Amino acid sequence: MTLPTPQGEVILRPARMDDMPAFRVLRLQALRDHPEAFSADYQTHLTVDDANWGRYFNFGENAIIHFAFQGNNLVGMTGVRLDTSPKTKHNANIWGVYILPAWRGHGIARALVHACCDWARAKGALIARLGVTTTNQSALRCYESCGFQITGTDPKAILVDGKFYDEYLMAREL
Ligand SMILES: CC(C)(COP(=O)(O)OP(=O)(O)OC[C@H]1O[C@@H](n2cnc3c(N)ncnc32)[C@H](O)[C@@H]1OP(=O)(O)O)[C@@H](O)C(=O)NCCC(=O)NCCS
């Protein structure tokens, strides 16, 4: 799928194995620059070797990452994982939503979240879920614009530099 932006056309597509080096750079930037937005930890990921980064791409049938590219440059990502228990496999969990600063405000995150929701629906999922730090207004508004609603609050979900952050739990029917 292509998305026109004022900075040129952006291509949205599922991750491929050869995207791994670019994914590593983008993911580390996300974790380094927005520690309060992600439960994954920058320092921990910094020490992960190539083989283990490769494991993130062994999706099997239950997960996918959608990437946004401008030319050969990776500018954004969003992942989704389906639960695997027979009792919870109707749930799809959105994770890792990140757009490079220079590419924000053009609808790329919304398009990636929709792509993940479409994929999960096609896999039979009924509900998409995610967590967002209560102070992260841009992400909260983005998810609302994708049809997500706040379903609860997870207190002290994330601890960064001695400060706790609450998370809103959000969900939407697929
Ligand atoms: C949050 C983030 C992913 C949004 O990416 P984006 O591509 O700029 O978002 P979009 O352009 O798709 O915006 C979709 C909607 O979100 C809302 N939104 C996005 N950025 C916003 C901002 N800075 N202020 C207010 N609303 C905002 C708007 O409603 C927007 O729709 P509109 O432009 O039609 O009004 C991006 O800012 C980012 O990567 N932030 C750092 C990492 C992060 O917080 N990730 C989320 C973890 S839960």
Side-chain angles (χ1 to χ4, degrees), residues 1-15 19 22-46 56 63-71 73-83 91-121 125 127-161 163-172 174:
M1 174 195 161
T2 57
L3 182 72
T5 81
Q7 293 170 228
E9 200 169 69
V10 168
I11 294 178
L12 310 183
R13 64 159 174 81
D19 294 323
F23 165 70
R24 181 183 190 159
V25 170
L26 190 77
R27 181 74 171 145
L28 284 173
Q29 179 168 343
L31 301 185
R32 183 194 64 202
D33 293 354
H34 302 277
E36 70 296 334
F38 301 102
S39 51
D41 175 56
Y42 173 68
Q43 290 297 338
T44 308
H45 278 67
L46 208 49
Y56 291 116
I64 199 168
I65 300 175
H66 280 281
F67 283 143
F69 280 91
Q70 194 274 326
N73 302 316
L74 181 58
V75 301
M77 62 166 284
T78 297
V80 61
R81 285 188 205 98
L82 305 182
D83 280 1
N91 292 288
N93 304 291
I94 303 283
W95 66 277
V97 183
Y98 180 67
I99 308 299
L100 285 179
W103 290 88
R104 292 177 191 166
H106 300 323
I108 299 174
R110 182 168 44 222
L112 288 170
V113 170
H114 278 309
C116 285
C117 287
D118 290 347
W119 178 89
R121 185 187 308 108
I127 309 269
R129 302 184 189 278
L130 56 82
V132 54
T133 311
T134 56
T135 51
N136 192 346
Q137 284 300 310
S138 52
L140 180 60
R141 299 284 163 254
C142 176
Y143 301 140
E144 285 174 338
S145 86
C146 294
F148 285 80
Q149 293 182 325
I150 295 172
T151 56
T153 305
D154 197 359
K156 295 185 176 172
I158 294 178
L159 175 64
V160 180
D161 294 335
K163 182 176 176 190
F164 286 104
Y165 293 84
D166 296 348
E167 250 185 20
Y168 287 133
L169 307 175
M170 303 188 80
R172 63 157 281 195
L174 292 173

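Note that ligands are numbered from 1 as they come in the structure, with each ligand's atoms numbered from 1 the same way. Since we're looking at a predicted model, the values are computed, not measured.
To the nearest 0.5 angstrom, Y168 atom OH is 12.5 Å from D154 atom CG. Taken to the nearest 0.5 Å, the CE atom of M170 stands 5.0 Å off from the CD1 atom of I150. The CD1 atom of I64 lies 11.5 Å from the OG1 atom of T78; values are rounded to the nearest 0.5 Å. For the atom pair CG of D166 and NZ of K156, the computed distance is 8.5 Å after rounding to the nearest 0.5 Å.
A salt bridge is absent between D83 and R129: the closest approach of a Lys/Arg side-chain nitrogen to an acidic carboxylate oxygen does not fall below 4.0 angstrom.
When heavy-atom distances to ligand 1 are checked against 4.0 Å, the residues falling inside are H34, A37, F38, V97, Y98, I99, R104, G105, H106, G107, I108, A109, R110, G131, N136, S138, A139, R141, C142, Y143, S145, ordered by chain and number.
For the residue pair N136/T133, the side-chain donor-acceptor check at 3.5 Å is not satisfied.
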